[in-house]
Novice: 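Please read through the structure below; I'll follow up with questions.
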Number of protein chains: 2
Amino acid sequence: MDLNERKLKILQAIVSDFIHSAEPIGSRTLSRKYGMGISPATIRNEMADLEEMGFLTHPYTSAGRVPSTKAYRLYVDDLMHRYELSDEEKQKIRSKLMTNLAEFDKTIEHAANLLSEFTNLTSFALTPKQEEDKLKYINILPVDETTVVLMIVAESGKVSNTVLKLKSAYTEEHINLLSKVMTYNYKGKKLSDIRTLEIIRNFETDIEAMGRLADTILPNFLSTLDDMLNVDLYLDGVTNIFSIPEYNDIEKAKVFLEMVNQKKHFTEVLVNRDSGVIITIGDENTEEFMRECSLITATYRINGKLVGKLGVIGPTRMKYDKITSVIEYMTDNLSTGFALTGGEEDEH
Amino acid sequence: MDLNERKLKILQAIVSDFIHSAEPIGSRTLSRKYGMGISPATIRNEMADLEEMGFLTHPYTSAGRVPSTKAYRLYVDDLMHRYELSDEEKQKIRSKLMTNLAEFDKTIEHAANLLSEFTNLTSFALTPKQEEDKLKYINILPVDETTVVLMIVAESGKVSNTVLKLKSAYTEEHINLLSKVMTYNYKGKKLSDIRTLEIIRNFETDIEAMGRLADTILPNFLSTLDDMLNVDLYLDGVTNIFSIPEYNDIEKAKVFLEMVNQKKHFTEVLVNRDSGVIITIGDENTEEFMRECSLITATYRINGKLVGKLGVIGPTRMKYDKITSVIEYMTDNLSTGFALTGGEEDEH
DNA sequence: ATTAGCACTCACCGAACAAGAGTGCTAACA
DNA sequence: TGTTAGCACTCTTGTTCGGTGAGTGCTAAT
């Protein structure tokens, strides 16, 4: 039994109809709606074959057919038509996304906003993972008698600052010295390595007050470094889940929302995905908690190097054609936008 | 008809029973469970009175009684017993909250985490509103040829930095000069006023490159200032809503989640509440979208001055006694913790 | 190979019904 | 006069049951 032309056509019709209607589809409706010159009975025979081949399932004896993961896979890989964004859509994306590329974080956040707006799904954007990032310098800045700001700047441009309340007063001289010593020691070192380096405190012997200062600042310095290694997750459109019929069940909605609210774990899953446009459907997902979802992610580049991610998560029944087009358009624009200095133009 | 002792006792029993069970309570059950030496019939008479007085309602003829907003109000003001935190509870709060007060933002985030954990509700924490905050200095730091970090430090210690991608290269000399000019112009000015001040650009006439630099940086400077004036909202435990029977209805859960996800609006509502422990119940809330909820907020102080907020939101049927105790304990600890420098000890 | 016909299967819907919890009222009681 | 027992009544909740409709699988005819 092989997948002849007609079977493909039927499968295509079933998948795309189900994606829009969320209702199992029967032979009669199919024949009527897609008038393909064959009778319901014939379609039934073909559908039975397709079911045997694993492309369709029955929710129960005698309801219409529903596509399986395998069917979605085939649909995504071979069957679906490319969705072309209209000029208005492109215009809208570009105007919201590209007008102020200067502020990186905001741009990324806007990307997530746009994506959920266009797809009516839950969207997310991740800042780049900067494993190789190196420390550029450290600044300790005065605020008031017992408060300083610890500022760490990495070569990538990532900055982190932490307001630190000290147990006792400090002198400007001491914090400047400490900044310099720390910068001297860690400049050019990979952020991820610094924790494992021995903490150099040769000033400790010199001045007792400096030692106390360092005692407060160093632990916070390390935890701030950890923060810098984390990518940031921007989520948007989580409540869109409520307008999806599959999630009319309170229990399912709960599971979904708990999943995306486990930000740490969720981020980890996203970070570990490959580059490029990646679609994983239903039980193709290795994570137990997203076996009922499909996940589409794509990567954007900054100066052709570092990669961040952009994507959506929703039910397996999603508009793969439109979504991939939108995501691709957005990541392409981001990548070129962030490559004004002239990064390489390699492409898969 | 007046609220005699017995009526109060009955009301008290109804409210506290309903808070735990979420079920309308009838005269028989009440008499059995709280064996107060009066028969169901008598209780029925009293309940009828209480209903007439507006303290109770009937969901329908012949189901038990349910407390009204007015009843909760009375309960909260006069009837409820003070909940004393156990030593373990206190210990747990203090250890999670007070171990690293140095990192302000993290501490506030932990406060929200703790609060939702203790109350099984949706909790939130707000950083202080710093309307009077003044600019301390501005720093523009180099990252790479076309990227700088714009850093703004306020007198309160609040820091904001934005990674800015410039359209063309800059020189260190120019960004240093621009930092100085900007600091000179805006130092000591209230953040909220700076936008309305005329933007001083006397350097523009001098050097053309400086003008271009300023053109990119100034708009971002202003929008960053706006960000600094906003308070940050830390939300936690939003999915707790799913374990509350009242929200087993998908429609209600949706409305609730959309409400708290409107972060801007939600924050605004919270910011505008009075200081101290404030409880608003059901339709006491002026905001249409939280008429079915109760909201408890309390304020913490930093050096006795600036105030941030901490609170929970949930169904009107919440454990007011425990929640207020927990919140109060937390804000008290935060306030004293943040007052190490020795702020005034005024109290309401 | 295709199709008409037919018996069969389920989910879904609404009606009917019983059970249970609770009320309001009346009349008796202390 | 306040309290209580008794009782009829109300309304929700859960269950059962039959009808309806969409859809299937199989068989026999085309």
Side-chain angles (χ1 to χ4, degrees), chain A residues 1-11 13-15 17-18 20-68 71 245-246 248-249, chain B residues 1-11 13-15 17-18 20-68 71 245-246 248-249:
Chain A
M1 187 164 22
D2 69 340
L3 267 178
N4 57 31
E5 193 69 20
R6 194 169 67 185
K7 279 197 176 57
L8 287 176
K9 222 170 143 188
I10 290 174
L11 194 56
I14 293 176
V15 174
D17 191 270
F18 185 72
H20 288 85
S21 72
E23 305 273 295
I25 181 162
S27 54
R28 168 174 236 86
T29 330
L30 202 61
S31 149
R32 227 187 305 121
K33 206 160 166 185
Y34 295 84
M36 38 182 73
I38 39 178
S39 76
T42 311
I43 293 178
R44 275 206 288 286
N45 287 331
E46 296 286 41
M47 292 204 298
D49 289 353
L50 286 167
E51 180 157 1
E52 207 178 320
M53 293 157 99
F55 290 106
L56 298 176
T57 48
H58 257 176
Y60 48 88
T61 323
S62 176
R65 293 318 209 285
V66 167
S68 67
E246 279 89 331
N248 254 353
D249 177 11
Chain B
M1 188 164 22
D2 70 340
L3 268 178
N4 57 30
E5 193 72 18
R6 193 169 67 186
K7 279 197 177 60
L8 286 176
K9 222 171 144 188
I10 290 174
L11 195 55
I14 293 176
V15 174
D17 190 88
F18 185 71
H20 288 84
S21 72
E23 306 271 296
I25 180 162
S27 54
R28 167 173 236 88
T29 329
L30 202 61
S31 149
R32 226 188 303 123
K33 207 159 166 185
Y34 297 83
M36 37 182 74
I38 38 178
S39 76
T42 311
I43 293 178
R44 275 205 289 286
N45 287 331
E46 297 285 41
M47 292 204 297
D49 289 353
L50 286 167
E51 180 157 0
E52 207 178 322
M53 293 158 96
F55 289 107
L56 298 176
T57 47
H58 257 179
Y60 48 87
T61 322
S62 174
R65 294 318 209 284
V66 167
S68 66
E246 279 89 331
N248 254 353
D249 178 10

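Labels below follow one simple rule: chain letters A, B, ... track the order of the sequence lines, proteins then strands, and each chain is numbered from 1.
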Novice: Round to a whole Å and report the spacing from CG of B:D2 to P of D:dG2.
Specialist: 12 Å
Novice: Send over the distance from B:R65 CZ to D:dC11 P, rounded to a whole Å.
Specialist: 14 Å
Novice: Please enumerate all residues that pass side-chain contact (heavy atoms from CB on, under 4.5 Å) together with B:N4, with sequence neighbours excluded.
Specialist: B:D2, B:R6, B:K7, B:E46
Novice: List the residues meeting side-chain contact (heavy atoms from CB on, under 4.5 Å) with B:N45, not counting sequence neighbours, and say none if there are none.
Specialist: none
Novice: For A:A63, which contact category applies under a 4.0 Å heavy-atom criterion: base, sugar-phosphate, or nothing?
Specialist: sugar-phosphate
Novice: Quick one: the side chain of B:T42 and the base of D:dT3, do they pair up donor-acceptor inside 3.5 Å?
Specialist: no
Novice: In whole angstrom, give the distance that lies between atom NE2 of B:H58 and atom C1' of D:dC9.
Specialist: 13 Å
Novice: Which residues satisfy the side chain to side chain donor-acceptor pair (under 3.5 Å) test with A:T42, sequence neighbours excluded?
Specialist: A:S39
Novice: Specify the residue among B:S62 and B:A41 whose closest nucleotide of DNA chain C lies further upstream toward the 5′ end.
Specialist: B:S62
Novice: At 10 degrees resolution, what angle do the end axes of the helix from C:dA1-D:dT30 to C:dA30-D:dT1 form when each is taken over five base pairs?
Specialist: 20°
Novice: CZ of B:R6 versus C1' of D:dG2: gap in Å, rounded?
Specialist: 8 Å
Novice: In chain order, what residues pass the side-chain contact (heavy atoms from CB on, under 4.5 Å) check against B:S62, with sequence neighbours excluded?
Specialist: none
Novice: Contact boundaries of DNA chain C with chain A (under 4.0 Å, heavy atoms), 5' to 3'?
Specialist: C:dT2 to C:dA11
Novice: So, using side chain to side chain donor-acceptor pair (under 3.5 Å) as the criterion, who are the partners of A:K33 when residues are at least two apart?
Specialist: A:D17
Novice: Side chains of residues 22-32 of chain B: which donor-acceptor partners sit under 3.5 Å, not counting sequence neighbours?
Specialist:
unit_1 : atom_1 : unit_2 : atom_2 : d
B:S27  : OG     : B:R44  : NH1    : 3.1

Novice: Rounded to the nearest 0.5 Å, what separation is found between the CG atom of B:L50 and the CD1 atom of B:I10?
Specialist: 6.5 Å
Novice: B:N45 CG to D:dT4 P: how many Å, rounded?
Specialist: 10 Å
Novice: Between A:V66 and A:L56, is there a side-chain heavy-atom distance shorter than 4.5 Å?
Specialist: no
Novice: Return whichever of B:Y60 or B:E46 has its heavy-atom-nearest nucleotide of DNA chain D closer to the 5' end.
Specialist: B:E46
Novice: Rounded to the nearest Å, what distance is computed from the CD1 atom of residue B:I43 to the P atom of nucleotide D:dT4?
Specialist: 9 Å
Novice: Give every residue pair that meets the salt bridge (Lys or Arg N to Asp or Glu O under 4.0 Å) criterion with at least one member in residues 54-66 of chain B, sequence neighbours excluded.
Specialist: B:E51-B:R65
Novice: Is the phosphate of D:dG23 approached by A:T61 (side-chain N or O, under 4.0 Å from OP1 or OP2)?
Specialist: no
